[in-house]
**Q** 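I have a structure here, written as structure tokens, and I will follow up with some questions on it.
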2 protein chains.
Amino acid sequence: MSPYVETFVMHVGEMGSRWGLNRTLGQMCGLLYVSQQPLNADEIADALSISRSNVSMGLKELKAWRLVRPATVAGDRREYWTTPKDVWELFQVLTEERHRREVQPTLTMLRETLMIEPITPDDRYAQERLREMHELIELMTNWMDEIQNLPPRTLVRLLKLGRRIQNLLDKRRKSRNSNQSTDL
Amino acid sequence: MSPYVETFVMHVGEMGSRWGLNRTLGQMCGLLYVSQQPLNADEIADALSISRSNVSMGLKELKAWRLVRPATVAGDRREYWTTPKDVWELFQVLTEERHRREVQPTLTMLRETLMIEPITPDDRYAQERLREMHELIELMTNWMDEIQNLPPRTLVRLLKLGRRIQNLLDKRRKSRNSNQSTDL
DNA sequence: TCTAATTTTCAACAATTCTTGAAATTACTG
DNA sequence: CAGTAATTTCAAGAATTGTTGAAAATTAGA
């Protein structure tokens, strides 16, 4: 690894644990992301100075994360690997997977718990807190589902708009109030 | 803890590690969130069956996360604790803190690395990947900064709009193209 | 079908992270 | 300004998580 690449790979390694992966997974991802050519398991092990079996396990996990994909190199029997190279795609995959692991289970738990009838006043208070949390998560989840499928160009427009979104929403509300021809 | 509360607290404990906290921190947060009254350290230790010193360490970390705040109970010398009870506020704090821990360091590293002149073709390719990643993160960061300060009601409107945001953006672009009176 | 290259599995070991009780510190109260 | 209540610190041990080499399984080609 060149020093240039190494700086980056070591950093994503350090961050890996904060992103729900771990150090090795982060390093592997980072390395594959900045490598022009797909790499095979031995090359990864070599570049990161980790064991071949660690790479095998790491690839297995990264497959589950949909962060790596196989690539074939002509005339070579070994499997080669790479990540999506489009940051938007990478970001989308990461967001979806994190949502699946970090949010979905909680949503399920909240739905189930909210079915139970609270008895004591304390439980009724707790239920109210759960209800509000459920509402927020459901709102965000639905929004993400809808947003994910928009073309990146639309998302960039939204991002660049920033807080000016408020003007747009205000304007929309005004026109919907004064006029029946809505786009809803 | 009542079984009702316990279900919830144990769940957020399990999820804690996926949210950048850990099991105990998650449990403490969950417990305080659904408790009508603030709790003191002994009550927390008791409810979660963990040691008093563990609670002390946990509170220290949760303070750093801005997820707990002190509350005074009249006629009691001990410190009492609670979380913000508004899910929107809770969500905002969690998002800000996670951003600070999970994204800011990477942004700094990318900025620094992008200052270095790549020599080899491989390094130039790597730099291009870093540049794209930097652009995306910066865009998202700026957006979040702007969005965070909007009133929750505006955010709810945006969330409920979902993918229909595209219509709105299209309409805006059209009017800006055909007409100089923009709100930009 | 057999062989050799490659990948995966797994149980033992290593490293990291979490938890604890005891001691130290701080903050009240008489 | 003691004396006690409450909190924090810290080093040792417990639990969890990550890493490895050896062996098993798989695969491709002869």
Side-chain angles (χ1 to χ4, degrees), chain A residues 9-10 12-32 37-65 67-82 101-102, chain B residues 9-10 12-32 37-65 67-82 101-102:
Chain A
V9 170
M10 290 302 122
V12 291
E14 289 315 309
M15 297 310 281
S17 34
R18 298 190 183 181
W19 299 342
L21 307 167
N22 66 37
R23 193 154 52 85
T24 304
L25 257 44
Q27 288 180 354
M28 288 177 62
C29 250
L31 177 65
L32 292 174
Q37 300 82 18
L39 304 178
N40 65 44
D42 287 311
E43 289 168 334
I44 297 171
D46 195 44
L48 302 178
S49 307
I50 58 177
S51 73
R52 180 63 185 71
S53 53
N54 202 355
V55 173
S56 181
M57 296 204 149
L59 286 170
K60 189 174 155 185
E61 278 192 77
L62 289 177
K63 275 180 264 179
W65 273 89
L67 286 172
V68 296
R69 37 187 71 160
T72 42
V73 165
D76 195 326
R77 170 175 159 183
R78 287 170 294 181
E79 275 196 295
Y80 282 75
W81 300 91
T82 187
R101 291 152 204 255
E102 299 176 1
Chain B
V9 170
M10 291 302 121
V12 290
E14 289 314 311
M15 298 310 282
S17 33
R18 298 190 183 181
W19 299 341
L21 308 166
N22 67 36
R23 192 154 53 85
T24 303
L25 257 44
Q27 288 180 355
M28 290 177 60
C29 249
L31 176 65
L32 292 174
Q37 300 83 19
L39 303 179
N40 66 44
D42 286 311
E43 288 168 334
I44 296 170
D46 194 45
L48 303 177
S49 306
I50 58 177
S51 73
R52 179 64 185 71
S53 53
N54 202 355
V55 173
S56 180
M57 296 215 157
L59 285 171
K60 189 174 157 187
E61 277 191 77
L62 289 177
K63 276 180 263 179
W65 273 89
L67 286 172
V68 296
R69 38 188 72 158
T72 41
V73 165
D76 195 326
R77 168 175 163 185
R78 287 169 296 181
E79 275 196 295
Y80 281 75
W81 300 92
T82 187
R101 290 152 205 253
E102 299 176 2

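Here the structure is a predicted model, which is why all the values come from computation and not from measurement.
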**Q** Of the non-hydrogen atoms in Pro38(A) and Glu43(A), which two are nearest, and what is the gap between them?
**A** O-OE1, 4.2 Å

**Q** Only one of Asn54(A), Leu48(A), Val55(A) clears side-chain contact (heavy atoms from CB on, under 4.5 Å) with Ser51(A); which?
**A** Asn54(A)

**Q** Which heavy atom of Leu32(A) sits nearest to which heavy atom of Trp81(A), and what is that distance?
**A** CD2-O, 3.4 Å

**Q** At under 4.0 Å, does any side-chain N or O of Lys60(B) touch on OP1 or OP2 of dT7(D)?
**A** no

**Q** Whether the side chain of Ser53(A) and the base of dG21(D) hold a donor-acceptor pair under 3.5 Å is what I'd like checked.
**A** yes

**Q** Starting at CG of Asn22(A) and ending at P of dT17(C), how long is that distance when rounded to a whole Å?
**A** 11 Å

**Q** Heavy atoms only: give me the nearest Leu25(A)-Gly58(A) pair and the separation to one decimal.
**A** CD1-CA, 3.6 Å

**Q** Closest nucleotide of DNA chain C for Ser17(A) versus for Met57(A): which of these residues is on the 5' side?
**A** Met57(A)

**Q** Report which part of the nucleic acid Leu59(A) touches: base, sugar-phosphate, or nothing (heavy-atom distance under 4.0 Å, all strands).
**A** nothing

**Q** Whole Å only: how far is the CD1 atom of Ile44(B) from the P atom of dT19(C)?
**A** 14 Å

**Q** Going 5' to 3' along nucleotides 2-7 of chain C, which nucleotides have protein heavy atoms under 4.0 Å from the base (write B), which only from the sugar-phosphate (write S), and which from neither (write -)?
**A** --BBSS

**Q** Across the strands shown, which category fits Asn54(A) at heavy-atom distances under 4.0 angstrom: base, sugar-phosphate, nothing?
**A** base

**Q** Distance check needed: dT19(C) C1' versus Leu21(B) CG, whole Å only.
**A** 17 Å

**Q** When the distance from CZ of Arg18(B) to C1' of dT17(D) is rounded to whole Å, what number comes out?
**A** 14 Å

**Q** Which pair of heavy atoms, one from Leu31(A) and one from Ala47(A), lies closest together, and at what distance?
**A** CD2-CB, 3.8 Å

**Q** Output the rounded distance in Å from CZ (Arg23(B)) to P (dA14(D)).
**A** 17 Å

**Q** Quickly work out the Leu25(A) CG to dT17(D) C1' distance and round it to whole Å.
**A** 13 Å

**Q** Please report the shortest heavy-atom distance between Pro70(B) and Glu79(B), naming the atom on each side.
**A** CB-OE2, 4.3 Å

**Q** Taking all heavy atoms of Val12(A) and all of Gly30(A), pick out the closest pair and write down the distance.
**A** CG2-CA, 3.7 Å

